[in-house]
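Computation of the quantities below employed the complete heavy-atom set of this structure, encompassing side-chain atoms and omitting hydrogens, waters and symmetry-equivalent molecules.
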Amino acid sequence: YTTLFRSNQRPEERRTREWRRRRISRSPLCPRCTLIVIIIAIIAVASMLGTSNDNDPKHIVVTVPGLTGEPSAGFNPLTGWGCGHMNFNPLVQSTLLKSDKNGNFVNDLATGYNVSSDGLKWTVGVRDDVKFSNNETLTAKDVAFTFNEAKSSNSELDMSNLKEAKVIDDNTVEFTLNSPQSTFSYDLRYIGIIPEKDYNNETYGENPIGTGPYKLKQWDKGQQAIFEINDNYYGDKPYFTQITMLFPEEDSAAMQIAKSNQADIVQVPISGLNETVDGYDLIEYYSPRAQGITFPYQNATGVKTTGGNDIGNNVTGDVAIRKALNVGINREEIVDSVYKGHAVVEYSGVDHFKYANPNAVVKDNDKEAAKQILEEAGWVDTNGDGIREKNGTPATFTLLYSSDDQARQALATVVSEQAKDLGINIELEGTDWDTIYSRMYKDPAVFQQSSDNPYRNIYQQYHSKENYSEDNYMNPNGYSNKEVDAILESALKENDVNASYSLWADAASTGSGSGFGPNADAPWLWIADFDYCYFVKNGIDMGTEPATGHDYMQNICEWTRTNSTE
């Protein structure tokens with residue numbers, strides 16, 4: 001769903017800095033009764049996970065990457081593993097392209113590609129020296145099959161623009177698109193290639209065959225998955241010959257895994273950001289995990305969604321309310337209080353990408369400017385109750401958030417408190433995602449986006465919708481602007497993704513007062529990019545910082561254990 005470092009760092013400083021390690025001090029001893037409880041919890045966690053002592057220095061235990069959780073359909077890249085909502089290294093499969101340390105695309109299974117002058121045909125060369133883990137040779141047939149299957153299967157990726165993937169010869173595949181798509185290179189980066197032979201969509205996830213550095217050895221559902229090295233891997237062989245991946249369901253379980261020394265790398269939940277764990281360092285990776293609040297863009301006119309739910313909000317439908325909150329909110333304070341400093345402020349949702357537009361950014365924490373915006377638009381407090389009104393409508397709205405997400409709840413709470421100083425009353429409601437989706441066109445909600453693909457985080461997020469359905473959570477507030485639509489369509493039609501970046505940027509602030517940025521139409525109140533933080537056991541070197549923090553296994557082949565004698 002649409003859905004870092006210290007908040008006083010500038011974006012350019014944040015992007016270029018090397019990852020930091022911070023030595024974690026020894027935790028203070030707990031009172032006796034608390035210690036007994038912790039010991040019991042540790043035993044329970046170890047029992048649940050089925051872990052055991054393993055002294056092989058080339059074996060490593062980690063928690064699941066990102067916020068993906070255990071893949072219900074198994075390790076199948078066509079049903080979500082490694083792609084779609086959260087893109088990350090799928091371990092078992094390889095992709096045509098991969099990201100280098102600067103986030104640029106470089107060849108992996110591909111030897112290169114070219115795009116036709118009309119942007120409709122992408123011709124990709126495929127390596128001839130790659131074998132799957134079952135010793136079958138990878139060819140262009142497997143690549144074409146993978147993409148055609150992704151188009152027809154229940155993939156999390158939007159492959160609707162792919163008309164056909166066709167084999168030209170054993171080492172060349174041609175992709176034909178329905179319309180030009182400059183961002184198709186992102187699909188080449190994030191779809192893991194599967195073998196055509198004997199593929200079964202129902203069973204592949206439990207017995208995946210791939211060309212990645214690892215292969216699945218064992219999957220204990222609800223507990224762990226064990227991966228062992230793939231001897232057929234064509235790239236640099238990883239130091240770690242076995243990875244055990246744990247699937248903790250609760251934040252408390254993740255913390256107990258670290259405290260009980262049950263894993264080498266544990267993703268730190270927000271509740272544990274200020275905790276210390278003996279024997280571990282804290283590593284912090286920047287992530288484009290932009291969290292913010294959607295503002296239903298239209299006024300309530302009685303129009304309904306395809307599911308019969310209301311569309312429109314007469315408070316957030318006024319641009320003055322949206323702009324005032326963007327200007328009056330103190331993002332730095334939120335970074336410090338909600339994220340414990342492990343974030344950077346975010347204004348447009350894409351501030352830290354190549355296609356960011358600095359002209360779209362506003363100066364925030366300016367309460368006087370925010371109040372002036374409101375008063376000039378006719379929002380005044382006529383009865384002295386602290387809440388502004390306009391034409392009899394009070395500046396009050398309900399803000400929805402997932403009741404299972406501590407960060408979103410904390411974010412909603414702080415924004416609500418800050419809004420009071422502006423004369424805006426925000427009532428909070430924690431609920432489930434089905435409820436949020438049914439009300440997202442009527443009530444603001446706390447969402448996030450984690451993609452680096454401008455098609456997903458800009459085009460799908462801000463291009464006008466043809467219909468308002470509850471199962472399409474992109475552009476959840478129904479933003480619509482014809483000038484922005486035209487720019488987005490032009491960006492998508494560019495043949496070269498690098499040439500498209502300036503157009504994506506223009507859509508944030510067109511120069512005519514339009515745009516999806518906070519200085520223009522302000523359909524969102526973006527707050528911060530939330531870092532991914534990991535407890536890493538002393539002696540583990542995770543290599544080059546990944547391009548995005550949730551993909552912390554991006555450079556798995558660089559990982560080593562530095563305190564081993566082997």
Side-chain angles (χ1 to χ4, degrees), residues 2-3 290-300 310 312-335 337-339 345-347 349 362 364-375 377-403 405-433 435-448 476-479 518 522-528:
T2 63
T3 57
Q291 296 194 325
I293 294 171
T294 63
F295 291 138
Y297 193 71
Q298 303 176 33
N299 286 307
D310 292 334
N313 186 303
N314 291 332
V315 177
T316 62
D318 191 320
V319 67
I321 293 286
R322 304 194 301 265
K323 283 189 172 183
L325 284 167
N326 268 282
V327 170
I329 290 299
N330 186 343
R331 291 171 174 80
E332 295 281 359
E333 179 183 292
I334 296 174
V335 164
S337 62
V338 173
Y339 306 104
V345 296
E346 177 66 54
Y347 295 93
V362 295
D364 68 352
N365 192 28
D366 191 338
K367 292 182 174 58
E368 293 307 312
K371 292 176 182 178
Q372 183 176 351
I373 291 172
L374 292 169
E375 289 171 5
W379 291 96
V380 295
D381 180 8
T382 58
N383 58 11
D385 65 352
I387 303 173
R388 296 175 183 270
E389 311 95 34
K390 180 178 180 179
N391 299 328
T393 299
T396 297
F397 59 81
T398 299
L399 176 58
L400 307 174
Y401 64 87
S402 169
S403 55
D405 193 312
Q406 294 181 14
R408 299 190 201 211
Q409 180 179 3
L411 175 64
T413 301
V414 177
V415 169
S416 176
E417 289 298 318
Q418 291 189 4
K420 290 179 181 178
D421 293 338
L422 308 179
I424 298 174
N425 179 47
I426 300 178
E427 299 175 349
L428 305 182
E429 182 179 341
T431 187
D432 58 84
W433 280 107
T435 300
I436 293 173
Y437 294 148
S438 69
R439 293 168 53 184
M440 62 187 174
Y441 300 112
K442 177 178 75 75
D443 293 317
V446 181
F447 276 72
Q448 78 175 23
N477 44 359
Y479 175 64
W524 283 72
L525 173 61
W526 290 110
I527 303 294

How close do [X] and [Y] get, heavy atom to heavy atom, and via which atoms?
{"X": "Pro523", "Y": "Tyr297", "value": "CB-CD1, 4.2 Å"}
{"X": "Asn326", "Y": "Asp364", "value": "O-CB, 3.6 Å"}
{"X": "Ile436", "Y": "Ser402", "value": "CD1-N, 3.8 Å"}
{"X": "Pro394", "Y": "Val315", "value": "O-CG2, 3.4 Å"}
{"X": "Asp432", "Y": "Thr435", "value": "OD1-N, 2.9 Å"}
{"X": "Leu325", "Y": "Ala419", "value": "CD2-CB, 3.9 Å"}

When rounded to the nearest 0.5 angstrom, what distance separates [atom1] in [X] from [atom2] in [Y]?
{"X": "Ile329", "Y": "Leu422", "atom1": "CD1", "atom2": "CG", "answer": "6.0 Å"}
{"X": "Leu399", "Y": "Ile293", "atom1": "CG", "atom2": "CD1", "answer": "4.5 Å"}
{"X": "Glu389", "Y": "Thr396", "atom1": "CD", "atom2": "OG1", "answer": "8.5 Å"}
{"X": "Gln291", "Y": "Ile334", "atom1": "CD", "atom2": "CD1", "answer": "11.0 Å"}
{"X": "Leu400", "Y": "Phe447", "atom1": "CG", "atom2": "CZ", "answer": "8.5 Å"}
{"X": "Leu411", "Y": "Leu525", "atom1": "CG", "atom2": "CG", "answer": "8.0 Å"}

Any donor-acceptor pair under 3.5 Å linking the side chain of [X] with the backbone of [Y]?
{"X": "Asn477", "Y": "Phe295", "answer": "yes"}
{"X": "Asp381", "Y": "Gly386", "answer": "yes"}
{"X": "Asp366", "Y": "Gly328", "answer": "no"}
{"X": "Arg331", "Y": "Glu346", "answer": "yes"}
{"X": "Arg322", "Y": "Thr316", "answer": "yes"}

Of the options Lys390, Lys323, Arg388, which is the one that meets Asp318 in a salt bridge (charged side-chain N to carboxylate O under 4.0 Å, His left out)?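 In the set Lys390, Lys323, Arg388, the residue that makes a salt bridge (charged side-chain N to carboxylate O under 4.0 Å, His left out) with Asp318 is Lys390.
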Is Asn383 atom CG crowded by more than 12 heavy atoms from other residues, nucleotides or ligands, each under 6.0 Å away? yes
Test log, rule side-chain contact (heavy atoms from CB on, under 4.5 Å), inputs Leu374 and Ile424: CA-CA 10 Å; Leu374 292 169; Ile424 298 174; 4.2 Å; yes
What salt bridge (charged side-chain N to carboxylate O under 4.0 Å, His left out) pairs are there with at least one residue in residues 412-431, not counting sequence neighbours?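 Listed once each, the pairs are Glu417-Lys420, Glu429-Arg439.
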For the residue pair Glu333 and Val335, establish whether any side-chain heavy-atom pair is separated by less than 4.5 Å.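 Counting from C-beta outward, Glu333 and Val335 never come under 4.5 Å.
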Taking the side chain as every heavy atom from C-beta outward, state whether Tyr401 and Thr413 have any pair of such atoms under 4.5 Å apart. no
